[in-house]
Amino acid sequence: MNSKLTWNIIFISLVAVHFIEAITTAGVVAVGTFAINAVNFFVYVSCTHYNQKSIENLNEKDFCKNNECCNDQWLIEDLSGLENELNEKVFGQHLANKLVSKAVKSHIKNKDPKSPLVMSFHGWTGTGKTFISQIVANSLFKKGIKSKFYQFKVASIHFKNSNNLNEYKDELIELIQNNSEQCYRMLFVFDEFDFMPVGLSDVMTPFLDYHAAVDGRDYRKNIFIFLSNVAGDMISDYIVRHYKSNRSRESIVSKDLEKRIAIIALNSKGGFNDSNIIKRALINVYVPFLPLERKHVKQCAEADIKNKNYSFKNSTLEAIADELHYFPDEKPWFSATGCKTVAKKVDQLLSE
């Protein structure tokens with residue numbers, strides 16, 4: 001029993017005793033008996049309420065042992081190994097690996113962020129955008145991508161009909177509000193953001209902005225990631241020119257690309273078009289994903305083969321890399337589809 005409850009019982013008991021003494025002296029014994037019963041009832045209710053609270057806390061603790069809850073048992077706070085994991089698993093993306101690991105770690109470490117973390121991943125297919133978002137989810141939650149605190153939506157599936165714009169707006173608001181009610185730290189990932197109907201993304205603005213609370217709820221510890229092919233051509237052209245100038249891949253810095261990505265996105269079709277998310281500078285990090293070289297394709301193939309417990313020779317990796325198409329024609333440096341089709345190529349080659 002806590003001290004506050006104990007003093008409440010002592011106080012009411014003393015008051016009742018004096019009241020009983022006074023009225024029994026006057027001969028009103030029945031009323032005195034009523035007072036005694038009232039004291040007993042108060043003590044019973046107080047103790048029952050306290051015990052009920054203890055039981056509820058105990059039940060919640062037991063419940064969370066086997067069921068995912070928004071607490072430190074299921075949320076991961078130590079992200080010290082995130083950058084190393086990205087570097088070990090994601091090939092050829094030194095910019096993305098550094099930008100994402102730094103942004104996520106600093107956001108989680110900050111106990112009072114001023115806004116949610118909003119990252120936008122840009123680049124052609126097969127360069128690792130979805131893969132990195134999954135690694136982030138696995139780093140944040142014990143259940144990883146199976147966590148109920150991870151929401152993954154694909155625009156071409158969930159928001160495919162522009163005629164349903166108003167309906168989608170309500171659904172998107174509800175998605176963010178209801179899930180944020182479950183946990184103060186949610187990860188929302190929107191794939192094919194450029195396929196969203198124009199104007200839909202604007203309803204997200206209040207939840208991404210620098211507000212302490214929206215309708216009484218704090219959204220600032222959430223993380224939002226947008227995936228798209230927007231600015232993929234610009235990124236590819238940039239790196240081709242970079243290579244033709246005999247400069248290394250690692251000498252490319254993100255600031256050379258971020259502003260260009262934002263301008264292209266704002267004037268593109270779909271979810272970014274004239275979006276308040278961009279105009280109000282609510283995207284914290286624009287992450288460029290570079291085209292992958294042949295050596296990166298071979299690294300992807302090797303990782304997939306090892307994951308499937310196959311034995312292989314270097315000739316196997318060369319054969320898989322030969323199956324892909326590369327650009328530009330005069331200098332075929334980069335895979336046209338990144339590592340997207342590598343897993344299928346591995347299965348086909350090793351099944352022969």
Side-chain angles (χ1 to χ4, degrees), residues 81-101 121-139 144-146 154 191-192 227-229 231-254 257 287-352:
L82 177 57
E83 185 171 5
N84 286 337
E85 183 177 6
L86 289 171
N87 289 332
E88 289 173 2
K89 295 181 178 180
V90 183
F91 310 114
Q93 300 298 354
H94 69 285
L95 295 179
N97 291 349
K98 184 175 182 178
L99 288 170
V100 172
S101 61
F121 294 0
H122 297 265
W124 277 121
T125 185
T127 51
K129 300 186 298 295
T130 302
F131 188 36
I132 284 188
S133 70
Q134 291 173 342
I135 291 176
V136 171
N138 290 330
S139 299
I145 59 174
K146 295 183 179 179
V154 181
D191 193 10
E192 299 180 346
L227 315 178
S228 77
N229 293 337
D233 285 341
M234 181 275 292
I235 295 170
S236 295
D237 291 343
Y238 180 89
I239 195 171
V240 167
R241 292 196 305 273
H242 193 83
Y243 274 42
K244 286 182 178 180
S245 300
N246 294 319
R247 288 180 287 175
S248 70
R249 186 184 191 89
E250 288 68 27
S251 66
I252 298 174
V253 293
S254 58
L257 298 168
V287 184
F289 281 72
L290 307 178
L292 299 180
E293 301 173 28
R294 182 185 178 94
K295 67 178 181 181
H296 302 132
V297 170
K298 291 165 63 177
Q299 287 177 303
C300 289
E302 181 177 352
D304 188 65
I305 292 172
K306 287 180 177 178
N307 188 53
K308 294 171 180 174
N309 294 318
Y310 286 123
S311 59
F312 66 96
K313 299 178 180 179
N314 188 61
S315 58
T316 304
L317 302 181
E318 293 292 346
I320 292 170
D322 287 341
E323 291 288 313
L324 275 62
H325 300 286
Y326 298 86
F327 73 94
D329 291 337
E330 66 276 16
K331 292 283 186 178
W333 285 312
F334 308 110
S335 167
T337 54
C339 284
K340 192 178 185 75
T341 61
V342 166
K344 287 292 184 183
K345 300 294 183 184
V346 167
D347 292 337
Q348 292 169 6
L349 188 64
L350 297 180
S351 65
E352 294 176 355

Verdict with reasoning, L324 to V297, per side-chain contact (heavy atoms from CB on, under 4.5 Å): CA-CA 9 Å; L324 275 62; V297 170; 3.8 Å; yes

Distance-only check: which donor-acceptor pairs under 3.5 Å involve side-chain atoms of residues 298-306, not counting sequence neighbours?
| unit_1 | atom_1 | unit_2 | atom_2 | d |
| --- | --- | --- | --- | --- |
| K298 | NZ | E318 | OE2 | 2.5 |
| E302 | OE2 | K306 | NZ | 3.0 |
| D304 | OD2 | K308 | NZ | 2.8 |

Non-hydrogen side-chain atoms of M234 and I239 separated by less than 4.5 Å: no

Closest approach of L99 to P288 (non-hydrogen atoms, all atoms of both residues): CD1-CD, 4.0 Å

Atom pair NZ/CG of K344 and L349 - distance to nearest 0.5 Å: 14.5 Å

Donor-acceptor contact below 3.5 Å, side chain S251 vs main chain R247: no

Criterion ring pair (Phe, Tyr, Trp, His ring centres under 6.0 Å) on F121 and F289, from CA distance to verdict: CA-CA 7 Å; F121 294 0; F289 281 72; 5.2 Å; yes

Donor-acceptor side-chain pairing of H242 and S248 below 3.5 angstrom: no

Rounded distance [0.5 Å steps], OG in S228 versus NZ in K129: 7.5 Å

Shortest non-hydrogen contact from E85 toward S139: OE1-OG, 3.8 Å

Nearest-0.5 Å distance, NZ of residue K295 to CZ of residue F91: 12.0 Å

T127 side-chain N/O to G123 backbone N/O, donor-acceptor pair under 3.5 Å: no

Evaluation steps, side-chain contact (heavy atoms from CB on, under 4.5 Å), between R294 and F334: CA-CA 6 Å; R294 182 185 178 94; F334 308 110; over 6 Å; no

K89 vs I135 side-chain heavy atoms within contact, under 4.5 Å: yes

Stepwise side-chain contact (heavy atoms from CB on, under 4.5 Å) test for Y243 and R249: CA-CA 7 Å; Y243 274 42; R249 186 184 191 89; 3.2 Å; yes

Nearest heavy atoms of I145 and A137, plus distance in Å: CG2-CB, 3.9 Å

Side chains of P291 and F327 in contact at under 4.5 Å (non-hydrogen atoms): yes

Straight-line distance of S101 OG to L82 CG, nearest 0.5 Å: 5.5 Å

Distance (rounded to the nearest 0.5 Å) between H296 NE2 and Q93 CD: 8.0 Å

side-chain contact (heavy atoms from CB on, under 4.5 Å) evaluation trace for N97 with I132: CA-CA 8 Å; N97 291 349; I132 284 188; 3.6 Å; yes

Any side-chain heavy-atom pair of W124 and S236 under 4.5 Å: yes

Rounded distance [0.5 Å steps], NZ in K98 versus NE2 in H94: 8.5 Å

T316 side-chain N/O to F312 backbone N/O, donor-acceptor pair under 3.5 Å: no

L95 versus I252, closest heavy-atom pair with distance: CD2-O, 3.3 Å

